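Report on one structure; see the data block that follows.
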There are 2 protein chains.
Amino acid sequence: MDQNKKDRLEGAGWRVGNAEDFLELTPEEAAFVELKLALARFLRDVRVRQGWTQAQTAKRLGSSQSRFAKMEAADASVSVDLLVKSLLGLGATREQVGEVIARAA
Amino acid sequence: MDQNKKDRLEGAGWRVGNAEDFLELTPEEAAFVELKLALARFLRDVRVRQGWTQAQTAKRLGSSQSRFAKMEAADASVSVDLLVKSLLGLGATREQVGEVIARAA
DNA sequence: CAAGTATATGTCCGATCCGACATAGTCGTC
DNA sequence: GACGACTATGTCGGATCGGACATATACTTG
């Protein structure tokens, strides 16, 4: 968010910050959430790059469209285990998974 | 294992391979196990480097010595979530976690 | 706008996970 | 070899996860 918009919102009575501030996460919790989000984004990238639907991809993994949607959304009910297993199941390498975790925004 | 030893064992009627062969894991499953083992080793490194016992470290994390032992052993009852959360809780960064996953043996 | 296709959200329940406790094994010191 | 400190293993009950289903929302096409 640019500074202008931030100022305007705060001028209008809004408090502006990141998820860490808003949800009052500890730094570790924030890092964990970021890590999950990075994996979720990567999962979507892998799927979209192949031109697959969520339903198709879920079937490949022996899962359901709804759960796969939650994976891509980094839903609270989705574990890092599931994200990593799914990525590996779609052909991503351990190296790629590590890179995504290490370097993602 | 060097080739000599491998030959001797196989000559004696042993089949020699890695965990993947022995347990008949798929490549994805093998990669997932390796990933867990890498995190478990890193967790032990972090603890030992600080000169802490398992009990001390577990207490810091709000867990128990027995569970922490299982973490370091990459026990089947330990999730990647728990390993990652524990590492972050001990001060490791997301970048370090990613590097360990990407580059570990 | 109806129908079709894709994605998102809420809920259920069986499966798995995790902290805790008990106890067993390991190692060094006396 | 008894003791103490540390680590490993087995088990249990409560908590969380995950596949499935139902349903909602969003977009496209005729």
Side-chain angles (χ1 to χ4, degrees), chain A residues 19 23 25-26 28-90 92 97 101, chain B residues 19 23 25-26 28-90 92 97 101:
Chain A
L23 298 171
L25 300 176
T26 66
E28 302 96 273
E29 289 167 338
F32 185 75
V33 172
E34 285 173 20
L35 186 152
K36 262 181 78 170
L37 286 171
L39 293 174
R41 281 193 296 267
F42 186 37
L43 190 61
R44 166 158 292 190
D45 284 350
V46 169
R47 172 178 71 83
V48 171
R49 191 150 38 228
Q50 301 284 345
W52 295 333
T53 67
Q54 289 181 343
Q56 287 175 319
T57 315
K59 190 166 188 179
R60 263 174 196 266
L61 296 171
S63 182
S64 60
Q65 179 272 327
S66 62
R67 182 132 306 270
F68 195 85
K70 289 180 215 288
M71 291 187 215
E72 288 190 352
D75 186 279
S77 79
V78 173
S79 70
V80 171
D81 290 65
L82 185 60
L83 290 170
V84 169
K85 282 179 184 169
S86 298
L87 283 167
L88 295 176
L90 295 180
V97 171
I101 289 174
Chain B
L23 298 172
L25 300 178
T26 66
E28 302 97 272
E29 289 169 337
F32 185 75
V33 172
E34 284 172 22
L35 186 153
K36 262 181 78 169
L37 285 170
L39 292 175
R41 281 193 296 268
F42 186 37
L43 190 61
R44 166 157 292 189
D45 284 350
V46 169
R47 172 180 71 84
V48 171
R49 191 150 36 231
Q50 301 284 348
W52 294 334
T53 67
Q54 291 181 343
Q56 285 175 320
T57 315
K59 190 166 188 179
R60 265 175 195 264
L61 297 171
S63 182
S64 60
Q65 179 272 327
S66 61
R67 181 132 307 268
F68 195 86
K70 290 180 215 287
M71 292 186 213
E72 289 189 353
D75 186 277
S77 79
V78 172
S79 70
V80 172
D81 289 65
L82 185 61
L83 290 169
V84 169
K85 283 179 185 170
S86 297
L87 282 167
L88 295 176
L90 295 180
V97 171
I101 290 174

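Reminder, nothing fancy here: chain letters follow the sequence lines and each chain counts from 1. Basis for what follows: all heavy atoms, side chains included, without hydrogens, waters or symmetry-related copies. It should be emphasised that the depicted structure is a prediction, and the values quoted were computed from it without experimental measurement.
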*Between Met71(A) and Ser63(A), is a side chain to side chain contact (heavy atoms under 4.5 Å, CB included) present by the stated rule, with each step listed?*
CA-CA 11 Å; Met71(A) 291 187 215; Ser63(A) 182; 4.0 Å; yes
*Output the single nucleotide from dG19(D), dC18(C), dT7(C) whose closest atom is nearest the side chain of Ser63(A).*
dG19(D)
_Between dT7(C) (C1') and Lys59(A) (NZ): distance, integer Å_ = 18 Å
_Quick check on dC18(C): is either OP1 or OP2 less than 4.0 Å from any side-chain nitrogen or oxygen of Ser79(B)?_
yes
*Could you give the CG-to-P distance, from Asp75(A) to dT9(C), as a whole number of Å?*
8 Å
*Take the protein atom CG of Leu82(A) and the nucleotide atom P of dA15(C), then report the distance between them rounded to whole Å.*
17 Å
_From the set dC18(C), dT7(D), dG19(D), return the single nucleotide nearest to any side-chain atom of Met71(A)._
dG19(D)
*Specify the separation, in whole Å, of atom CZ of Arg67(B) and atom C1' of dC17(C).*
7 Å
*Could you tell me whether Glu72(A) and Arg41(A) have a side-chain N and a carboxylate O separated by less than 4.0 Å?*
no
*Within this structure, what is the NZ-to-P distance between Lys70(A) and dG10(C), rounded to whole angstrom?*
7 Å
*Examine distances only and state if a side-chain atom of Asp81(A) and a backbone atom of Val80(B) form a donor-acceptor pair shorter than 3.5 Å.*
yes
*Arg47(A) side chain near dT7(C) phosphate (N/O to OP1/OP2, under 4.0 Å)*: yes
*Determine yes or no for a side-chain-to-main-chain donor-acceptor pair under 3.5 angstrom, with Lys36(A) supplying the side chain and Val78(A) the backbone.*
yes
*Think Gln65(A) has a side-chain N or O under 4.0 angstrom from the OP1 or OP2 of dA8(C)?*
no
*d(CZ, Phe32(B); C1', dT16(C)) in whole Å*: 12 Å
*Considering heavy-atom distances to DNA chain C, does Ser64(B) or Ala55(A) have its closest nucleotide positioned more toward the 5' end?*
Ala55(A)
*Starting at the 5' end of DNA chain D and moving along, which residue's nearest nucleotide shows up first, Ala69(B) or Asp81(B)?*
Ala69(B)
*asked:* Show the nearest heavy-atom pair for residues Leu43(A) and Ser86(A), with the distance to one decimal.
replied: CD1-CB, 4.2 Å
_For atom CZ of Arg44(B) and atom C1' of dT7(D), their distance in whole Å_ = 8 Å
*asked:* Without decimals, in angstroms, what is the distance between Glu72(B) CD and dT9(D) P?
replied: 12 Å
_Which residue lies more 5' along DNA chain D, comparing Ser66(A) with Ala76(A) via nearest heavy atoms_ = Ala76(A)
